[in-house]
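Take a look at the structure below.
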Amino acid sequence: MTQQLPCGAGVGFKPEHFAAIAADAPPLAFFEVHAENFMGEGGRPHAQLARLRETYALSIHGVGLSIGGEGPLDRAHLARLKVLIDRYAPESFSEHLAWSSHGGAFFNDLLPLPYTPATLARVADHIGEVQDRLGRRMLLENPSTYVRFEESSIGEVEFLRELVRRTGCGLLLDVNNVFVCATNHGTDARAYLADFPFEAVGEIHLGGHDADVDDAGAPLLIDAHGSPVADPVWTLFGEVIARAGPRPSLIEWDNDVPDWPVLRAEAERAAAILARAGAARAA
Amino acid sequence: MATLSGFAAALTATDLQPPPGLAGPAGRRFAVYRNNVAVGLIGALEARFPAVRALVGEEFFRAMARDFTLSHPPASPVLMVYGDALPDFIAAFPPAADLPYLADVARIEAARTRAYHAADAPRLGPAAFAGIDPTAVAGLRLDLNPAVELVAAAHPACTIFRMALGLEPAGPIDPWLPQHTLVDRPAHDVTVRLLPPGAHAFLAALGAGAPLGAAAAGAADPRFDPAAALAELIGSGLACRIHLPETHDDDA
């Protein structure tokens with residue numbers, strides 16, 4: 001098993017696109033699925049995924065492990081992930097710097113955590129346990145956040161870099177999340193990216209966001225994954241790729257899912273940016 | 001370490017206040033999380049229970065689902081099984097008391113999702129039964145396919161379910177009789193259909209491990225047609241494994 005996604009563009013797989021993908025045979029580098037959607041035992045989901053897997057590289061992306069949670073990891077869920085990963089041997093497994101369960105209840109959202117020495121130690125322990133149990137390196141994704149904690153004493157990039165150092169994990173850089181956070185917290189996305197440890201980045205995510213305002217009328221962007229990638233995010237992506245070189249890059253579109261050609265066109269836009277950067281570096 | 005406990009409590013608290021420890025005025029910002037949690041869990045139930053939603057309307061369903069998510073938050077991140085407890089919740093939900101069939105419709109819908117995700121298994125047709133000694137048939141024990149679920153209802157829940165989703169034309173239901181429903185997944189699509197009288201008891205007995213002869217004899221309904229039930233069982237491939245009487249669990 002190659003534990004590295006091919007360095008091209010991919011999309012998040014949606015079952016409603018299965019027939020169109022089968023007919024279209026798009027030249028994509030990989031597909032990504034949410035692990036939890038394939039934790040049933042059989043039926044159509046697994047038939048479709050097995051079929052896709054015959055042709056394409058695969059990223060399994062977890063949304064429910066609650067790596068940033070206060071309590072111990074859910075061992076039953078980790079066992080389910082192990083079964084799924086053993087079954088499909090994906091090129092990549094990733095999860096989030098976030099929590100989603102607390103006190104035995106699952107909240108179905110990627111919730112923020114303070115960045116402190118204590119939370120750093122806890123998250124590092126959790127990543128270590130995941131990697132030991134799954135027998136592979138994982139990628140950790142930078143989150144979209146809407147609030148910040150007074151007790152946070154470590155910057156997010158520093159927090160991620162230290163997790164990489166302590167656990168050997170890789171990173172999934174979500175460029176839309178960088179833009180959303182910078183907007184929401186009045187920080188500089190380019191400064192964040194200038195400091196980012198690109199050598200650890202095994203995958204990039206691109207998705208759409210919605211716009212709202214906060215109590216003070218300041219812009220508040222929501223990581224909604226229900227629209228095209230925004231122009232400023234494309235610009236940041238181009239800058240990242242020009243600097244770091246091509247990386248496996250994924251279009252996420254999970255809500256208000258468009259027809260297949262629209263999603264494919266988004267992936268082609270990413271592929272063109274990757275190809276240009278690859279050609280420029282080769283020249 | 002209390003930070004996340006306070007955050008978690010505030011996600012579902014009725015006072016709509018953000019938790020302590022957040023930087024700046026965080027009301028609308030924290031509300032994004034509160035909204036994501038509520039909409040996400042209610043949405044999972046809406047996706048799983050479309051017939052119940054159609055029967056009570058969006059506003060009623062969301063209010064009921066909200067109550068359910070607060071009293072029965074999911075214990076697992078695998079949301080495809082979230083809502084197994086909703087039928088019993090509906091049965092005891094006072095505002096739905098004048099829709100006594102609603103819980104049974106929800107039982108059909110819950111079974112439908114389980115069937116959709118059930119393990120793949122053989123569907124034994126006539127060929128699988130062809131070589132069996134006729135004198136042994138009454139002693140056969142069968143495992144039903146993991147996708148097969150039976151729903152017994154005191155109301156015409158199968159017809160109501162099908163009408164609610166437009167699978168058959170809506171109209172008056174007369175006579176208003178108990179209905180027993182078979183939920184199955186022959187290939188990848190789940191089927192929901194009405195069982196003839198006695199067939200539910202027959203299949204339920206088989207599923208509980210009774211031999212074929214005893215299961216047929218135990219179907220108390222005088223209208224039960226054993227030959228038709230056997231034809232359904234074999235013709236639809238409801239069994240996935242045959243245990244011959246001599247060897248019990250060892251032979252397939």
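Just so it is clear, the values below take in all heavy atoms, side chains as well, and ignore hydrogens, waters and symmetry mates. Chain letters run A, B, ... following the sequence lines, proteins first, then strands; residues in each count from 1.
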### Summary
Note: A:Ala189 and A:Ala182 closest approach over all heavy atoms is N-CB, 3.6 Å
### Query
Under 4.5 Å, heavy atom to heavy atom, which residues of residues 182-191 of chain B contact chain A?
B:Arg185, B:His188, B:Asp189
#### Entry: Which portion of A:Thr145 sits near chain B, non-hydrogen atoms under 4.5 angstrom
both
### Query
Would A:Glu162 and A:Arg166 pass as an ion pair if we require N to O under 4.0 Å?
yes
### Shortest non-hydrogen separation from B:Cys158 to B:Thr181 and the atoms involved
CB-OG1, 3.1 Å
### B:Arg193/B:Glu232 ion pair, N-O < 4.0 Å
yes
### Task
With chain A as the partner chain, list the residues of residues 15-30 of chain B whose heavy atoms fall under 4.5 Å from it, by residue number, and write 'none' if nothing qualifies.
B:Gly21, B:Leu22, B:Ala23, B:Pro25, B:Ala26, B:Gly27, B:Arg28, B:Arg29, B:Phe30
### Message
With no hydrogens and no angle check, just 3.5 Å: does a side-chain donor-acceptor pair link B:His243 and B:Asp143?
### Response
yes
### Query
B:Asp120 side chain to A:Gly43 main-chain N or O, any donor-acceptor pair under 3.5 Å?
yes
### Task
Using a heavy-atom cutoff of under 4.5 Å, enumerate the residues of residues 54-78 of chain B that contact chain A, numbered in order, or state 'none'.
B:Pro73, B:Pro74, B:Ala75, B:Ser76, B:Pro77, B:Val78
### Task
Assign the ring pair A:Phe31 / A:Tyr56 to parallel, tilted or perpendicular, where the plane angle (0 to 90°) is split at 30° and 60°.
perpendicular
### Message
Do A:Ser227 and A:His209 pair up side chain to side chain, a donor and an acceptor below 3.5 Å, judged on atom types alone?
### Response
no
### Task
Say whether A:Asn142 and A:Glu156, considering side chains only, have a donor N or O and an acceptor N or O under 3.5 Å apart.
no
### Query
Is it the side chain or the backbone of A:Asp214 that comes within 4.5 Å of chain B heavy atoms, both, or neither?
both
### Query
Relative to chain B, which of A:Pro112, A:Gly104, A:Ala224, A:Ala105 shows the most heavy atom pairs under 4.5 Å?
A:Pro112
### Message
Let me confirm one number: the OG-CG distance from A:Ser94 to A:Leu140, rounded to the nearest 0.5 Å.
### Response
9.0 Å
### Message
Using only non-hydrogen atoms and a strict under-4.5 angstrom cutoff, which residues of residues 33-51 of chain B touch chain A?
### Response
B:Tyr33, B:Asn36, B:Val37, B:Gly40, B:Leu41
### Region of B:Ala8 that comes under 4.5 Å of a non-hydrogen atom in chain A
both
### Query
Heavy atoms, side chains only, cut-off 4.5 Å: are A:Leu206 and A:Asn176 in contact?
no
### Query
Side-chain donor-acceptor pair under 3.5 Å between A:His185 and A:Tyr146, yes or no?
no
### Query
Nearest heavy-atom pair of B:Ser5 and A:His102: which atoms, and what distance?
OG-NE2, 3.0 Å
### Query
Do the ring planes of A:Tyr115 and A:Phe159 sit parallel (below 30°), tilted (30 to 60°) or perpendicular (above 60°)?
tilted
### Task
Using a cut-off of under 4.5 Å on heavy-atom pairs, state which of A:Val213, A:Asn37, A:Leu113, A:Ile222 scores highest against chain B.
A:Val213
### Summary
Note: B:Leu165 and B:Glu109 closest approach over all heavy atoms is CD1-OE2, 4.4 Å
### Task
Say whether B:Thr3 and A:Glu151, considering side chains only, have a donor N or O and an acceptor N or O under 3.5 Å apart.
yes
### Message
Under a 4.0 Å threshold between the charged nitrogen and the carboxylate oxygen, would B:Asp104 count as salt-bridged to B:Arg107?
### Response
yes
### Query
Looking at A:Glu36, A:Glu41, A:Arg44, A:Glu150, which makes the most heavy-atom pairs under 4.5 Å with chain B?
A:Arg44
### Message
Run the side-chain hydrogen bond (donor to acceptor under 3.5 Å, both in side chains) test on A:Glu141 and A:His61 for me, step by step, so that the C-alpha distance in whole Å, both residues' side-chain angles and the decisive distance to 0.1 Å come before the verdict.
### Response
CA-CA 10 Å; A:Glu141 178 175 341; A:His61 187 54; 3.2 Å; yes
### For B:Asn145 against B:Pro122, the heavy-atom pair lying closest together
ND2-O, 3.1 Å
### Task
Select one option (side chain, backbone, both, neither) describing which atoms of A:Leu110 are under 4.5 Å from chain B's heavy atoms.
backbone
### Query
Would the B:His117 and A:His46 ring centres measure less than 6.0 Å apart?
no
### Message
Which atoms of A:Ala216 are under 4.5 Å from chain B, going by heavy atoms: the side chain, the backbone, both sets, or neither?
### Response
neither
